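Notes to accompany the following structure.
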Amino acid sequence: MIKLFNHYFDRRTLLQLFLDGLLISAAFMATLVVLTDAGDLTISQVGRGLARALLMSIGFLAINSALGLYDRGGVFNNTQLLARVLVSFLMTGVIVVGVLLLLPMKAFYGHTWAVVIVMMATGLLLVVQVLTGEFLPRSLARRKVLVYGTGAKAKAVGQTLRRPSSSAELCGYFASPNEQEHLVTDWGVLLPGQSLTEVVIEKGVDEIVIALSERRGGSMPMRELLDCKLNGVRVTDIAAYFEQNLGQIRLDAVSAGWLIFGDGFNQGFVRTTIKRLFDIAGATVLILLALPIMLVTALVIKLESSGPILYKQERVGLNNKLFNVVKFRSMRTDAEKDGIPRWATAGDSRVTRVGRVIRKLRIDELPQLFSVLNGDMSLVGPRPERAFFVEKLTQDIPFYAVRHSVKPGVTGWAQVRYQYGSTVEDTAEKLQFDLYYVKNHSLFLDLVIIFETVGVVLTGKGAQ
């Protein structure tokens with residue numbers, strides 16, 4: 001994994017992003033050269049051409065990211081994959097035409113071949129990406145990992161390493177002399193009689209993940225681990241491993257000391273100011289774009305049933321401050337007539353017919369953009385929860401209160417990485433993603449989440 005702008009990326013993903021952007025740019029520049037007389041091609045035209053090529057590449061990469069084509073954990077059937085590829089092709093065409101029309105170049109006036117050639121390159125790129133894109137990057141970026149431990153934590157690490165989407169190869173498990181439980185499969189436990197250093201050299205290990213259930217009483221060979229590190233082998237703590245590879249801070253692997261003394265959790269003036277300016281600009285643009293949708297939604301809600309179009313609900317925000325969140329009403333007016341708060345569930349009978357549609361498309365969340373403008377919320381952050389649930393969850397789930405150190409968001413890392421949660425267990429799973437965001441949040445990560453939110457809306461993932 002490579003850390004870029006406070007966020008971790010799979011090496012294959014970065015390689016694929018680079019190759020995709022390079023091919024689109026090369027196709028556009030080749031078109032410029034072919035369709036322009038050699039004597040008319042100037043340095044100025046080449047510079048303007050590169051700028052347009054860059055815009056097209058950014059648009060193409062953003063679309064593919066939103067559609068999940070760079071998600072190493074995404075598993076699509078043939079129909080889903082074909083649909084995403086077609087959508088990417090069509091939307092890329094819109095970007096190509098838009099760039100050439102809004103930012104025209106003399107060389108391209110009257111030449112439809114420019115669009116045709118770039119679109120052919122895009123189509124070829126998508127076919128190559130679907131059919132063969134996995135093989136070359138995987139062989140180049142694969143690393144060998146040894147798990148130190150054989151208990152429950154070691155088993156959890158091993159399961160992630162053996163996923164089809166993993167860019168690492170599990171070499172085996174090295175048992176600690178003080179570890180009592182052995183829960184991993186027998187095939188993976190390395191035979192005793194060899195030192196850790198000898199095993200690392202013999203297996204060609206690139207990384208050691210420390211996944212012990214018990215660390216006291218000399219359970220780790222510190223001298224051998226140091227020798228391995230000095231010889232170029234990466235030694236990773238289990239909490240850091242999950243953070244880097246799964247984009248979450250696992251509650252079963254983290255400690256208060258790791259959170260306190262580790263990096264991250266930056267809440268400086270510069271970051272806060274940039275985030276606020278981004279929120280104001282983003283919310284303003286989204287409100288203007290979504291205004292027709294919001295007007296139609298208000299009309300159909302009113303036509304379907306009597307009652308208010310919007311509903312307000314008290315939520316817990318930054319530093320436990322209470323505020324009112326506003327949404328389009330998607331449930332009956334008597335949804336909580338007994339006065340007992342409860343989460344929405346799959347197939348909830350309280351949801352109206354219109355409500356089912358707008359919840360699926362996340363349209364019911366749009367009025368929250370006004371909460372972003374007035375400063376109660378951010379575009380990106382942990383989902384705001386009701387005070388009734390917060391009090392209980394803070395007692396039941398460790399580190400739950402940490403999520404209130406940043407503003408709640410209309411969308412967030414947990415929302416795009418995990419389905420809608422309606423139980424304490426679901427909330428604990430989502431908290432692990434929220435902790436990752438609070439620790440590593442940046443403008444770049446906010447943009448990544450917004451792109452992925454588009455994909456979530458298009459696929460209806462996790463809606464209730």
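All figures in this text were calculated on a predicted structure; none of them were measured in a lab.
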Query raised in the report: Per the ring-ring contact (aromatic ring centres under 6.0 Å, His included) rule, which among Tyr418, Trp413, Phe399 passes with Tyr436?
Result: Trp413
Query - OH on Tyr400 to CG on Leu251, rounded to 0.5 Å - result: 12.0 Å
Query - Interatomic spacing from CZ in Arg315 to CD in Glu385 - rounded to 0.5 Å - result: 6.0 Å
Query raised in the report: Given side chains that start at C-beta, do those of Tyr241 and Thr160 come closer than 4.5 Å, heavy atoms only?
Result: yes
Query raised in the report: Quick one: do Lys439 and Asp263 make a salt bridge, cutoff under 4.0 Å?
Result: yes
Query raised in the report: With side chains defined as the heavy atoms from C-beta onward, is the minimum distance between Arg383 and Arg403 less than 4.5 Å?
Result: yes
Requested in this report: Sorted by first residue and then second, give each side chain to side chain donor-acceptor pair (under 3.5 Å) pair with at least one member in residues 273-285; sequence neighbours left out.
Outcome: Lys275-Ser378, Lys275-Tyr437, Lys275-Asp446, Asp279-Ser378
Query raised in the report: Given side chains that start at C-beta, do those of Leu431 and Thr427 come closer than 4.5 Å, heavy atoms only?
Result: no
Query raised in the report: Using 4.0 Å as the upper bound for N to carboxylate O, is an ion pair formed by Asp426 and Lys430?
Result: no
Report summary line: Taken in chain and number order and not counting sequence neighbours, the residues that satisfy side-chain hydrogen bond (donor to acceptor under 3.5 Å, both in side chains) with Glu202 are Gln194
Requested in this report: Please name all residues satisfying ring-ring contact (aromatic ring centres under 6.0 Å, His included) with Phe242, sequence neighbours left out, ordered by chain then number.
Outcome: none
Requested in this report: Indicate yes or no: at least one non-hydrogen side-chain atom of Leu225 is less than 4.5 angstrom from one of Tyr148.
Outcome: no
Requested in this report: For the residue pair Ile358 and Glu365, establish whether any side-chain heavy-atom pair is separated by less than 4.5 Å.
Outcome: no
Query raised in the report: Among side-chain atoms of Glu207 and Thr236, is any donor-acceptor pair under 3.5 angstrom?
Result: yes
Query raised in the report: Could you state the interatomic distance from CG (Asp206) to SG (Cys228), rounded to the nearest 0.5 Å?
Result: 12.0 Å
Query raised in the report: When rounded to the nearest 0.5 angstrom, what is the spacing between CD in Glu452 and CG in Leu445?
Result: 9.0 Å
Requested in this report: Would you mind reporting whether Gln368 and Met377 have side-chain heavy atoms less than 4.5 Å apart?
Outcome: yes
Requested in this report: Mind checking the CZ-CD1 spacing from Phe433 to Ile249? Nearest 0.5 Å is all I need.
Outcome: 11.5 Å
Query raised in the report: Considering only heavy atoms from C-beta outward, does the side chain of Phe278 approach that of Leu447 to under 4.5 Å?
Result: yes
